[in-house]
Every structure is written in structure tokens, then in C-alpha cells.
Amino acid sequence: ALSDQLNDTFARLRSKGRLSETDVDAALREVRIALLEADVNVSVVKSMLARVKERAVGAEVMKSLTPAQQLIKIVHEELIVTLGEDEAPLARPAAPPLVILIAGLQGSGKTTTAAKLARHLKSKGRRPMLVAADLQRPAAIDQLEKLGVRIGVPVYTDRGVKAPKLVKGALKAARSDSLNVVIIDTAGRLQIDEDLMKELAAVHKAADPDEVLLVLDAMTGQEAVNVANGFLDYIDLTGLILTKLDGDARGGAAISAREVTGRPIKFVGVGEGIDDLDAFYPERMASRILG
Amino acid sequence: SLMGSGRLDDSFWDDLEETLIAADVGVTTAAAVTEETRSRRPQDGAAARAALEVALVGAMSDEDRSLRLIGNPAVVLVVGVNGTGKTTSIAKLAARMRADQRRVILAAADTFRAAADDQLRVWADRVGVEVVTGESGSDPAAVAYETYQRAAAEGYDTVIVDTAGRLQSKSNLMDELGKVARVLRREAGEIGEVLLVLDGTTGQNSIGQARSFAEAVGVTGIVMTKLDGTARGGIAVAVEHDLGIPVKFIGVGEGVDDLIPFDPTEFVEALLE
Ligand SMILES: Nc1nc2c(ncn2[C@@H]2O[C@H](COP(=O)(O)OP(=O)(O)OP(=O)(O)O)[C@@H](O)[C@H]2O)c(=O)[nH]1
Ligand SMILES: Nc1nc2c(ncn2[C@@H]2O[C@H](COP(=O)(O)OP(=O)(O)OP(=O)(O)O)[C@@H](O)[C@H]2O)c(=O)[nH]1
Ligand SMILES: [Mg+2]
Ligand SMILES: [Mg+2]
């Protein structure tokens, strides 16, 4: 583990009482490797370690800790600060419905997450509607419809119009049926696909959403920065959802996405089941990333 | 930039290593390849880049990159974690094979995920191939078996088996996959090609995925998808180098023609752009 490696590093140095710059530089080389192996973006690692160094050099080593532990404590805290708050709540609009727009790369888990959110909010006494606005992927509408049946949530569909018009129709239907949450599933897309990003912006305009959630696969690599930035440019994100955290990916993409968007991670996906949606815990995530 | 004609000092090599890391090559592989290139003492930036390309291509697999279609019917088993592009890649492969005059039948052995069979059926109709589906929640090995039997009986020469996405850390799901493979091997004698589909945007976890799937069912080839995005798929270098499994195709879009044979030289050039 990183703490053992750092203990070795520090054992070879002569630090006593305070962390010297040489000690810190040597140790940060190890930390850098750990964070990169965890898929934190290389530029993000640079700026994060610069911050850590500033706090660490000259820092007093607490009596109960080894120098290695003291440094890891600083890194851990820095990760937690970057990962942001837990319990970031969903928006509460002045008038119903709460409109949630779901977006992200292909295969990230949007459709499954949309259904999980609907299930979660229904269990809290809300009356959700799912909107099948992915008109592109084969059987995407069927997928959302089947999930809707499973959880007893209506799914708005319209195979005859484009996504922005469909969303307008969905909002109208939600209001007339007194449904107070509208969750819009969209087609996966590349952040560099201008046509599809413009379409997403049009869907965003039609929906006028209270929440715009980027669904990001926890195993995403270095491109998490570009992906998060790309989506942020076209639609003003309000939050992130990290999926497939039930796997063994370290999840450094969370750090990257948080660093560049500043938006809170509102939920995490922890399985394929309809109940597999959890709250986000920054301390747990920080430990996971550090390894 | 890698072509800069400045002197090849530490910062040049650090930048080079950082370019590789940013392409998901991985910090260990990036360091090793950079070190090897540096040790050849290239004269300038251009020579360094050329040497780096040689080092990267040299690190990759020597295995045959063509599709291994063995037996009649030949069996291709497609596996991988959730959402990587297995079902879509199968549609693309089926289209290629059909253009090659092969008689293809698909097994919709993802009996778990909502509308997985619907999705494969839409693709099968578009491509003009047959598909065998099973009851939702039924045994995927049974669908694979049924499809193989039908292929043998009705003169299909190729069976492509779609399976449910599964995270490699889930041992019960990996066991389930093992059973699908066992049944196919029992019927066919061998599975000519087991394709692991890796998402090109995934980072270091792809190595663990490749190891686990190789262990569970044996992997003969990789399809790396979504390289039409900004991800450069550098992890392919480590997967090929550490495990010896060749990338056979890359996915470059959501359309049926968006699958191209993998070329290590082109791939490495794109990596360094
Ligand atoms: N293990 C696990 N699998 C997940 C999770 N979230 C989604 N999945 C799976 O990931 C795969 C992709 O999920 P989808 O919901 O279809 O993804 P999507 O983003 O809607 O995909 P596109 O619409 O094609 O862009 C499916 O197999 C899901 O069951 C999760 O938290 N854990
Ligand atoms: N841009 C791009 N998208 C792709 C590519 N390959 C697949 N996709 C998309 O990725 C998403 C997931 O593809 P699927 O074929 O459903 O993936 P899967 O591995 O079968 O997913 P599960 O069965 O749920 O595990 C779909 O939206 C596909 O259109 C590719 O090469 N490029
Ligand atoms: Mg979807
Ligand atoms: Mg599939």
C-alpha cells in the first residue's frame, strides 16, 4: 500500500520533527505514481501535488504519526477537499416539476441511472416520470420502458419527433398528470461531436432543467477532464454521478471531473440493480483513490 | 510538442512521458518506454519521436491480428464489462462477415439486461442476419447452446455470441461466463475467437479486465471501442505487452461500418499526436 511505500521512502531520509523539502519531494514522487495509477488526470495530479507540497514542507509531524503518515494525511485531506461535500441534495424548484437532465458518454450508465433515480425519488414519495429522449440507440426506448414497468414509473415516449420537441411534450404531460419529477434520459455522445452536443444544448433549452447531471463511468481514464469540460461548455452541469463503483476501478476520474467542473457528485452507481444508487462519501472515495 | 528541435534535456523527456501518460499508456509503461528511447540517445526531437514509435510498436503483440474463424460453424464469443460496446461491435462484425459471404447467426446470450435482446434484434434486422434469443432471466449458456445447434443443423458457418456486460470483480458473473464458454467448447471443440471488448475511454482498469477475462474464459483478441472520441487508448500498449493479447479491431463510431482492423503503426502515430 502507499503508506508502506512512503514509510520506506521516509525511513531512508533523515526527517525528524518537521517534513523537509527533500523528504516531501521524494515522497510526492510515490504519491504521483499512486494517483496516476488511479487514473487521476496528469495535469490535475500536478496542481494537486503542488498544493500538497505547499502544505507539507515544514509541516510538523504529529507525535502519533510517522512522517509518511503525516504526508499521506495531507494528501488524503487534499483529495477529500477536492471531492467535495457529501449529501449534496437535489434542487428544489419553486414550482413543480423538478426537471432532471441526464447526459454523458456512450455506455456510461445514463439509462440505468435515470431509472434508479426515478425509483429512489418514488420511494421518497415523489411522483416521477421518465422521458425516453434517446432516439438514436437501438431499443433505447424499449430499455427505459422495461425499466419503467419494473419500478412502476410512467415513461414518456414519442417516436415521431426530435428530442427537444419530445421534451416539451413530456413536460406538458407531466404537468397535466401532476407528476412532480421529470427525469430525461438522453443518447450517449462524444463531447467533441458538435452536432450531437448542439442537439443536447437544444434539449437542455427545451427542458429548462433544475438539475443537469453528467453520468461518468468510474473507470474513465485521463480523458475525464476533457469529457467533463466538454459537457460543461454546452450545458451548464449542476452535478455529477459516478457509475460502476461496485467494480475495482480506483476512480481517479472523480478527482479530475470535480477539479475541472467544481460540481458536486450527487450520487454513485453501485450495481446493475434498480436499487443500486448510493449517496457519495468523499472520505471513502479518497481512500479508494489513494489505494 | 514532440517535434520541437530544442535540446533533449530532462524537461523534453518529462514532457514526452507526460504525453504518453495523458494518452492512458500508464505511468509504469510510459516510464519504461521513455527510458528505453532515451537510452538510444536520439540526436533531436524528430529522432526521439521515431525511436519512441519503434519502442511502442516493439512493445506490442506479435500475434496474428486477423479474426480466427475455426470450425464449421466457427464460434466467436464476445465478452467484457458493462457498456463497452459488445453488442454494437457484434453488429459491425456480422456486417463485415456478411460482406465476406459468410452465413452468420447471432446468439443473444445477454438474458439479463433490460432490452438487451431487443437491441441485438434491431441490429440483426439491419444487418440481415439471424438471431436466437432466450427468455429474460434464462440461462445464457442455454441460448449459446441452442444457437450453436441451430447453426450446425441449418448450415450457418459463423456463430457470434453476445454476452451480458459484467465487472471482472464479480466472481459469480465470471463463473456464469465460464459456463457459457465451457458449453460452447464442448459443442464446437474449440472457440476460435474470444473477443474482449474494451472501452477506449477506460484507464488503467482495462489491464485488470484483460487479466480476469483471460483467466476466466481465455481471450484471443481485443476490440477497443470509442476511439472516435478524444481518448487515445494508450492502455492497449500495456495490455498487449503484459498479456500478449492482440487488438484486432477498433471501434470508431456508432454506425455499422465503424469498425476498422487494428494497425499498430497507425495506432502509435495517433498516440503521439
Ligand atoms: N455494475 C454496474 N453496472 C452498471 C452501473 N450502471 C450502469 N451499469 C451497466 O452499464 C451498462 C450500460 O448502462 P446503460 O444505462 O445502458 O448506459 P447508457 O449511458 O444509457 O448507454 P448509452 O445510452 O448507449 O449511451 C449496462 O450493462 C448497465 O447495466 C453500475 O453502477 N454498476
Ligand atoms: N462513439 C462510439 N460509440 C460506440 C462505439 N461502440 C459502441 N458505442 C456505443 O456505446 C454504447 C454502448 O454500446 P453497447 O453495444 O450497448 O455496449 P455493451 O457492451 O453491449 O453494453 P452492455 O451489454 O450493457 O454491457 C452505445 O451507445 C453504442 O452506440 C464506438 O466505437 N464509438
Ligand atoms: Mg442509454
Ligand atoms: Mg450488450
Side-chain angles (χ1 to χ4, degrees), chain A residues 32-43 45-46 105-112 115 136-150 187-193 217-227 230 243-244 246-253 271-272 274, chain B residues 17-28 30-31 81-88 91 112-123 125-126 136 164-170 173 199-206 208-209 212 225-226 228-235 251 253-254:
Chain A
R32 174 180 173 272
I33 292 173
L35 293 178
L36 291 174
E37 286 180 336
D39 291 323
V40 182
N41 178 274
V42 60
S43 318
V45 170
K46 245 192 202 161
L105 292 180
Q106 289 89 345
S108 56
K110 296 176 294 302
T111 304
T112 311
Q136 188 263 347
R137 167 172 156 155
I141 298 174
D142 300 76
Q143 186 184 4
L144 197 63
E145 280 183 321
K146 287 189 166 158
L147 292 171
V149 165
R150 208 177 287 182
R189 69 202 68 217
L190 303 173
Q191 83 281 5
I192 50 161
D193 186 328
D217 194 324
M219 59 185 100
T220 306
Q222 294 286 310
E223 284 312 295
V225 163
N226 289 335
V227 172
T243 59
K244 307 177 202 174
D246 46 318
D248 58 18
R250 298 262 290 276
E272 293 193 73
I274 204 73
Chain B
E17 194 185 271
E18 191 165 312
T19 302
L20 293 177
I21 293 172
D24 284 318
V25 167
V27 58
T28 314
V81 306
N82 308 69
T84 58
K86 297 176 291 301
T87 304
T88 309
F112 171 77
R113 206 208 69 212
D117 52 357
D118 297 317
Q119 184 187 6
L120 193 62
R121 187 171 287 292
V122 171
W123 276 118
D125 291 346
R126 283 187 195 178
S136 159
R166 69 204 67 227
L167 299 182
Q168 73 274 22
S169 48
K170 310 211 162 169
L173 298 184
D199 187 325
T201 68
T202 296
Q204 300 306 300
N205 197 259
S206 279
Q209 291 176 23
S212 297
T225 60
K226 308 178 197 173
D228 44 320
T230 51
R232 275 166 292 164
I235 199 70
E254 302 193 65

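Chain letters run A, B, ... following the sequence lines, proteins first and then strands; every chain starts at 1. Side chains are part of it too, since the values below use all heavy atoms of this structure and drop only hydrogens, waters and symmetry mates.
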Does the side chain of Arg126(B) reach to within under 4.5 Å of the side chain of Pro138(A), using non-hydrogen atoms? yes

Engaged part of Leu105(A) at the chain B interface, taking heavy atoms whose separation is under 4.5 Å: side chain

What residues, two or more places apart in sequence or in another chain, satisfy side chain to side chain donor-acceptor pair (under 3.5 Å) together with Arg189(A)? Glu199(A)

Under 4.5 Å from any heavy atom of chain B - which part of Gln191(A): side chain

For chain B, which of Asp39(A), Leu190(A), Val227(A) has the most heavy-atom pairs under 4.5 Å? Asp39(A)

By a 4.5 Å heavy-atom criterion (distance strictly below it), what part of Glu18(B) contacts chain A: side chain, backbone, both, or neither? both

Among Arg137(A), Lys46(A), Arg250(A), Glu145(A), which residue forms the greatest number of heavy-atom pairs with chain B at distances under 4.5 Å? Arg137(A)

What part of Leu36(A) is in contact with chain B, defined as an atom under 4.5 angstrom from a non-hydrogen atom: side chain, backbone, both or neither? both

Side chain, backbone, both or neither of Thr225(B) within contact of chain A (heavy atoms, under 4.5 Å): neither

Option in Val81(B), Ile235(B), Ile21(B) with maximal non-hydrogen atom pairs under 4.5 Å from chain A: Ile21(B)

Under 4.5 Å from any heavy atom of chain B, what part of Arg32(A) do you find: side chain, backbone, both or neither? side chain

Under 4.5 Å heavy-atom distance to chain B, tell me which part of Asp193(A) shows up: side chain, backbone, both or neither. neither

Pick from Gly107(A), Gly109(A), Ala115(A), Ala140(A) with the largest number of heavy-atom pairs that fall under 4.5 Å of chain B: Gly107(A)

If I measure from the heavy atoms of chain A, does Arg113(B) come under 4.5 Å with its side chain, its backbone, both, or neither? side chain

Contacts of Gln168(B) that satisfy side chain to side chain donor-acceptor pair (under 3.5 Å) - sequence neighbours left out: Asp248(A), Asn205(B)

